Amino acid sequence: MIDIKILLNDPDSVRANIRKRFKNIDIDGLIDAVTRANKLKAEADDLRSGKKKLSREFSQAMSRKTGIEDIKKKIEETDARLTAIENESAELEKIKSDLLLRIPNFLSSDVPEGKTEDEKKIVFEGPALKEPGSPVKPHYEIGEERGIIDFKAAAEMSGSRFVILKNKLSALNRALITFMMNENGKNGYEEVYPPFLIKRDMLKYTGQVPDKEEDLYKIEGEDLYLIPTAEVSLVNYAAFLELKEEDLPKRMMGFTSCFRKEAGSYGKDIRGMMRVHQFDKVELVSISVPGKSPAEHEKMLSDASSLLTKLELPYRVALLCSADTVNTSSKTYDIEVYLPSQGTYREISSVSSCTDYQARRMNLKYRTADGGKALVHTLNGSALAVGRTLIAIMENYQNLDGSISVPAALVPYCGFDRI
RNA sequence: GGAGAGAUGGCCGAGCGGUUGAAGGCGGCGGUCUUGAAAACCGUUGUGCCGAAAGGCACCGGGGGUUCGAAUCCCUCUCUCUCCGCCA
């Protein structure tokens with residue numbers, strides 16, 4: 001959520017930001033609703049103030065035994081007007097919250113303007129390990145051949161876009177999680193294991209509601225959703241911690257499974273486990289003082305990237321363009337890993353700075369050094385998506401005989417060096 | 001799942017129909033004292049909204065109701081605790 005004050009005082013900056021994102025939101029309607037709501041609030045506050053006075057006079061009238069009916073009548077009139085105002089305010093509130101939640105975060109000025117995914121800016125590209133032209137089978141073929149993935153049974157049991165990992169691949173999955181958690185821990189992130197189911201309000205605070213609502217799994221008959229990312233759990237957890245300036249940045253990491261309907265991606269990545277409804281991810285979250293969030297963003301990018309370096313997987317980093325940056329984010333880097341079977345780079349991590357956008361929705365504040373309170377900045381990033389890391393290993397470490405070598409950094413974690 | 005008890009400011013805890021946004025304590029901040037620190041003492045210390053300001057309004061788990069007036073009474077939901085049952 002953006003600051004309403006900015007919306008009222010400098011609506012053009014809000015309009016420009018929305019235009020840069022190629023979105024369309026009824027700013028004028030929102031400003032009108034806010035203005036009218038404020039006016040009504042002023043009137044209602046005055047009425048309530050008057051009513052309080054009348055109420056105090058009432059007890060005096062009671063002891064005097066005169067003028068009681070008179071005061072009652074005045075209060076009744078006040079109540080009638082208050083009810084009318086409350087009804088009108090409720091309607092305006094609905095318009096306000098609907099529109100306000102949809103206004104995206106201000107983009108960082110260095111985010112390239114662009115309408116499509118391809119307009120991202122590549123800011124780093126490492127060397128490819130596999131020579132071009134090596135005969136590499138896609139992960140879903142090699143996985144089934146070697147008996148370490150079962151897509152068919154998963155589809156029968158749960159439907160399309162589910163996967164069963166077996167044997168050494170399943171073990172490698174576990175090893176990867178531990179590897180990532182240990183490495184992130186060295187970089188200063190505190191380990192948290194949060195619930196996988198969470199209430200709707202929490203999703204609203206971090207912005208998945210209303211933006212990604214259609215992508216969420218909801219538990220029938222309960223106010224609970226399966227988390228689409230541990231970001232939701234970790235950022236919301238910060239609200240329960242005492243945040244003092246000297247303790248910031250507060251860095252947390254969490255391993256969770258994530259659940260997404262993938263509603264907006266019909267036909268995309270249908271084969272394999274590139275895009276499945278349930279996937280594992282190690283997530284980083286940092287709660288930062290506003291002034292230090294850009295540096296923190298770079299650190300998180302570097303922390304996530306370092307995992308790929310240690311795994312010796314080829315990757316590049318893209319700064320997403322304006323239209324491709326999610327509403328909550330002011331600036332997002334994607335880390336993309338090279339997949340030889342596709343001859344291209346694919347997203348394996350997304351690192352975003354949400355500035356004060358989520359903090360304002362949550363009213364998440366820290367105690368400043370001088371004893372005041374101020375909104376924090378929240379940042380999040382994957383380090384890394386575990387399933388996609390498995391894919392990258394299965395392809396980049398594939399040998400000519402169809403076996404798969406295990407990255408040296410993982411061998412101590414899984415206890416074997418070849419699948 | 002059954003029976004009971006509870007939910008108050010950063011924390012603990014009083015209040016149980018009328019200047020109560022809320023006693024008291026702890027913690028925090030400022031000061032006195034001290035070479036410094038501790039102790040003691042004094043002062044100060046919730047959040048949100050509207051407003052240029054003065055000021056006003058709202059908030060005692062959420063929602064609804066009774067009343068001229070609710071933190072206080074009633075209903076309901078959620079959560080916590082105790083006992084019983086069941087159970088990975």
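The structure presented is a predicted model; accordingly, all values stated were derived computationally and were not measured. Throughout, protein chains are lettered first and strands after them, A, B, ... in sequence-line order, and every chain is numbered starting at 1.
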message: Would you say that Tyr315(A) contacts Ser305(A) through its side chain, given a criterion of any heavy-atom pair below 4.5 Å between the two side chains?
response: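 In contact.
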message: Any non-hydrogen side-chain atom of Asp334(A) less than 4.5 Å from a side-chain atom of Lys120(A)?
response: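 No, their side chains stay 4.5 Å or more apart.
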Closest to the Lys52(A) side chain, choosing from G18(B), A58(B), U78(B):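 Nearest nucleotide to the side chain: A58(B).
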Please measure how far the [atom1] atom in [N] lies from the corresponding atom in [M], and state the result in whole Å.
N: C26(B); M: A14(B); atom1: C1'; answer: 15 Å
N: U72(B); M: A58(B); atom1: P; answer: 15 Å
N: C79(B); M: G43(B); atom1: P; answer: 44 Å
N: C41(B); M: C60(B); atom1: C1'; answer: 32 Å
N: A5(B); M: G9(B); atom1: P; answer: 23 Å
N: G25(B); M: C42(B); atom1: P; answer: 10 Å
N: U8(B); M: C16(B); atom1: C1'; answer: 12 Å
N: U78(B); M: G63(B); atom1: P; answer: 15 Å

Starting at atom [atom1] of [X], determine the distance to atom [atom2] of [N], rounded to an integer number of angstrom.
X: Lys53(A); N: C57(B); atom1: NZ; atom2: P; value: 7 Å
X: Glu86(A); N: G63(B); atom1: CD; atom2: C1'; value: 14 Å
X: Leu364(A); N: G10(B); atom1: CG; atom2: C1'; value: 15 Å
X: Leu47(A); N: G69(B); atom1: CG; atom2: C1'; value: 17 Å
X: Leu82(A); N: A58(B); atom1: CG; atom2: C1'; value: 13 Å
X: Glu76(A); N: U67(B); atom1: CD; atom2: C1'; value: 12 Å
X: Glu69(A); N: C68(B); atom1: CD; atom2: C1'; value: 10 Å
X: Asp46(A); N: A54(B); atom1: CG; atom2: C1'; value: 13 Å

query: Which atom pair, heavy atoms only, marks the closest approach of Lys331(A) to Glu298(A)?
result: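 Looking at all heavy atoms of both residues, the closest pair is NZ-OE2, 3.9 Å.
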Pair [X] + [Y]: basic N to acidic O under 4.0 Å:
X: Lys268(A); Y: Glu262(A); result: no
X: Arg346(A); Y: Asp269(A); result: yes
X: Arg367(A); Y: Glu245(A); result: no

- prompt: Are Tyr333(A) and His297(A) close enough that their ring centers fall under 6.0 Å?
  reply: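 Ring centroids of Tyr333(A) and His297(A) are less than 6.0 Å from each other.
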Structure string for RNA chain B in dot-bracket form, Watson-Crick and G-U at under 3.5 Å, | interchain: ((((((((.[[[..)..(.....]]]((((((.......))))))(((((....))))).[[[[[..)....]]]]])))))))....
task: For the residue pair Phe196(A) and Phe259(A), categorise the inter-ring angle as parallel (less than 30°), tilted (30 to 60°) or perpendicular (more than 60°).
output: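 Correct class here is tilted.
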task: Using the six-membered ring wherever Trp is involved, compare the ring planes of Phe162(A) and His277(A) and label them parallel, tilted or perpendicular (cut-offs 30° and 60°).
output: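 Ring orientation of Phe162(A) relative to His277(A): tilted.
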When you compare the protein's N or O atoms with those of nucleotides 43-51 of chain B, which come within less than 3.5 Å of each other, and at what distance?
residue, atom, partner, partner atom, Å
G48(B), OP1, Lys365(A), NZ, 2.1
C49(B), O2, Lys41(A), NZ, 3.3

message: Under 4.0 Å, counting only non-hydrogen atoms across every strand here, what does Ile75(A) touch: a base, just sugar-phosphate, or nothing?
response: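 Sugar-phosphate contact only - Ile75(A) comes under 4.0 Å of backbone atoms but never of a base.
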query: How would you label the contact of Lys51(A) with the nucleic acid (heavy atoms, under 4.0 Å): base, sugar-phosphate, or nothing?
result: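 If one applies the 4.0 Å heavy-atom cut-off, Lys51(A) turns out to touch the sugar-phosphate alone, with no base involved.
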task: Map Gly50(A) and Arg56(A) onto RNA chain B by nearest heavy atom, then report which one ends up closer to the 5' terminus.
output: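 Of the two residues, Arg56(A) wins.
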- prompt: When you check the phosphate oxygens OP1 and OP2 of G56(B), does a side-chain N or O of Ser49(A) lie under 4.0 Å from one of them?
  reply: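 The answer is no; no side-chain N or O of Ser49(A) sits under 4.0 Å from OP1 or OP2.
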- prompt: So, Glu144(A) side chain and Glu141(A) main chain: donor-acceptor pair closer than 3.5 Å or not?
  reply: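 Side chain of Glu144(A) to backbone of Glu141(A), a donor-acceptor pair under 3.5 Å: no, none is there.
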- prompt: Is there a donor-acceptor pair under 3.5 Å between the side chain of Ser288(A) and the backbone N or O of Pro290(A)?
  reply: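 Checking the backbone N and O of Pro290(A) against the side chain of Ser288(A), no donor-acceptor pair under 3.5 Å is found.
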